[in-house]
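Chain naming here is simple, since letters A, B, ... match the order of the sequence lines and numbering starts at 1 in each. All values below come from the heavy atoms of this structure, side chains included, with hydrogens, waters and symmetry mates left out. Small disclaimer: the values here were computed from a predicted structure and weren't measured.
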Number of protein chains: 2
Amino acid sequence: MATPVESAPTKQRILDSTAAQFMRHGYTGTGLKQIVAAANAPFGSLYHHFPGGKQALGVEVIHRSGAMYGDLVMSVFDAAPDLLTGVHDCFEGAAAVLVATDYADACPIETVALEVASSNEPLRVATAEVFESWIVSASARFRAAGLDDSTARELAIAFISLLEGAFILCRASRTTEALEAAGRTAAVVVEAALRDAGVS
Amino acid sequence: MATPVESAPTKQRILDSTAAQFMRHGYTGTGLKQIVAAANAPFGSLYHHFPGGKQALGVEVIHRSGAMYGDLVMSVFDAAPDLLTGVHDCFEGAAAVLVATDYADACPIETVALEVASSNEPLRVATAEVFESWIVSASARFRAAGLDDSTARELAIAFISLLEGAFILCRASRTTEALEAAGRTAAVVVEAALRDAGVS
DNA sequence: GTCTATACTTTGATAGAC
DNA sequence: GTCTATCAAAGTATAGAC
């Protein structure tokens, strides 16, 4: 995902390169020239595959990266023996990736989401769609554990908020303290909800 | 804070203008020409007051905005009758500001923090210092309520993470749902901690 | 579809008159 | 301290040969 594969088609290399740079430098901080350079693609190919220019490329990358990251998180839940362990593993896994990438790879769309929220409506909508899809996916996990719809959705939002917020603190401080604290907090909240619902 | 006062000194108008634009468009998305234009200041004045250029201006704005926002949050705690109400009021007040500013004014440094985390070390350090000062301030409130040091710090980090993460979801979706969910979650966690400590 | 060259705009930054 | 003019570089986007 971070390193474009040499043999992949040009369009895919451009998408991968853009996704990697958005995560590190954001939307306005990533130049089209840097994108094609890292993708080993000629400049003209970018506008051939994305006639809509930087904005169209951005929308596609947000949807793509968002879907991939959502799948990644859901696979962590799948691999865990129970919900509580799954929640814990998400934060622990995120911290491990952060350390392994020198605090560069956190959420693939949060930086872009904040940058475009008040200045680029198509991109803002794209990030909103991704976040909503994550909320829906996570809610399904909480419902499957026996929680009612509104509790499940509220927990899903709290789970994602804790993860995204901790990412900011961790990348700024270059420590994993926030993800550890947020992970324990998420576990406490989920455990309390399960207890209240009588399914624990 | 958002609208530079006409009568304020030039340097202060530049700082206010920069703070307002950083919140909406981020660091790379804010041009120096836009800053002086919104500040009603000539271009040369910027480099007269900030010989270090955009980066030096950015560092000063981060520290200034960070201190002001930290004070604002602490004043909400001061005005509340108890800790739990204070926590609740922070999320409710943040949601009100978000709606009043058309989902533009959330945290003054989170967008910049993510943008510069992997590309501009002096700015990254500035954002880290601000976040740490907030953690220390919030921890003091939790300790004052009777919690031990490590619990207080963990709750402070969770509190800030929930707030920052919810800001992202709210600005992207243009709804206050996430701040409401995160606020209720924060209250649940703090209440549980107080109960566990036997001070509730 | 691939690739090069270039147009046009905006960026951060500087020089120097007042 | 204020203000204007200008620089070199980087930004997005386009034209057109191959």
Side-chain angles (χ1 to χ4, degrees), chain A residues 4-22 24-62 111-112 115-116 118-124 126, chain B residues 4-22 24-62 111-112 115-116 118-124 126:
Chain A
V5 180
E6 191 83 15
S7 60
T10 302
K11 183 173 183 177
Q12 193 179 325
R13 289 206 314 279
I14 291 176
L15 286 168
D16 290 341
S17 166
T18 305
Q21 303 220 33
F22 275 7
R24 290 165 174 76
H25 309 117
Y27 182 75
T28 52
T30 300
L32 297 184
K33 291 178 183 176
Q34 306 168 23
I35 289 174
V36 296
N40 257 23
F43 194 80
S45 294
L46 195 152
Y47 278 90
H48 172 73
H49 292 290
F50 303 94
K54 191 182 187 183
Q55 188 178 77
L57 171 61
V59 168
E60 190 155 335
V61 166
I62 287 168
T111 308
V112 176
E115 281 182 284
V116 304
S118 300
S119 54
N120 190 318
E121 190 63 7
L123 287 179
R124 190 223 106 215
Chain B
V5 181
E6 190 83 16
S7 60
T10 302
K11 182 173 182 178
Q12 192 179 325
R13 289 206 314 279
I14 291 175
L15 286 169
D16 290 341
S17 166
T18 305
Q21 303 221 32
F22 276 7
R24 291 166 174 74
H25 309 118
Y27 182 75
T28 53
T30 300
L32 296 185
K33 293 180 181 176
Q34 306 167 23
I35 288 174
V36 295
N40 256 23
F43 193 80
S45 293
L46 195 152
Y47 278 90
H48 172 72
H49 292 290
F50 303 95
K54 190 182 188 183
Q55 190 178 76
L57 171 61
V59 168
E60 191 155 333
V61 166
I62 288 168
T111 308
V112 176
E115 281 183 284
V116 305
S118 301
S119 54
N120 190 318
E121 190 65 7
L123 286 180
R124 189 222 106 216

For [X] and [N], give me the distance from atom [atom1] to atom [atom2], rounded to whole Å.
| X | N | atom1 | atom2 | answer |
| --- | --- | --- | --- | --- |
| I14(A) | dG1(C) | CD1 | P | 12 Å |
| L57(A) | dG11(D) | CG | P | 15 Å |
| I35(A) | dT12(D) | CD1 | P | 7 Å |
| H48(A) | dT14(D) | NE2 | C1' | 15 Å |
| L46(A) | dT14(D) | CG | P | 12 Å |

From I62(B) atom CD1 to Y27(B) atom OH, the distance as rounded to the nearest 0.5 Å: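 So the gap between those two atoms works out to 8.0 Å.
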Can you measure from CG (L32(B)) to CD (Q34(B)) and round to the nearest 0.5 angstrom?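 Nearest 0.5 Å value for the CG-CD distance: 9.0 Å.
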Min side-chain heavy-atom separation [X]-[Y] under 4.5 Å:
| X | Y | answer |
| --- | --- | --- |
| E115(A) | S119(A) | no |
| T18(B) | I14(B) | yes |
| L57(A) | I35(A) | yes |

Is a side-chain N or O of Q55(B) found less than 3.5 angstrom from the main chain of P122(B), in a donor-acceptor match?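 Not a single qualifying donor-acceptor pair exists.
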Kindly point out which of dG1(C), dT2(D), dT4(C) is positioned nearest to the side chain of P42(A)?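 Nearest to the side chain of P42(A) among the choices is dT4(C).
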Identify which nucleotide among dG1(D), dC3(D), dT2(C) has an atom closest to any side-chain atom of S45(A), counting heavy atoms from C-beta outward.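 Closest of the options to the side chain of S45(A): dT2(C).
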Protein-to-nucleotide contact annotation, 5' to 3' order, nucleotides 11-16 of chain C [B base; S sugar-phosphate only; - none; under 4.0 Å, heavy atom]: BBBB--
N or O in side chain of T10(B) less than 4.0 angstrom from dG1(D) OP1/OP2: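 No, outside the criterion.
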Tell me whether the OP1 or OP2 atom of dT2(D) has a side-chain N or O from H49(B) closer than 4.0 Å.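 Yes.
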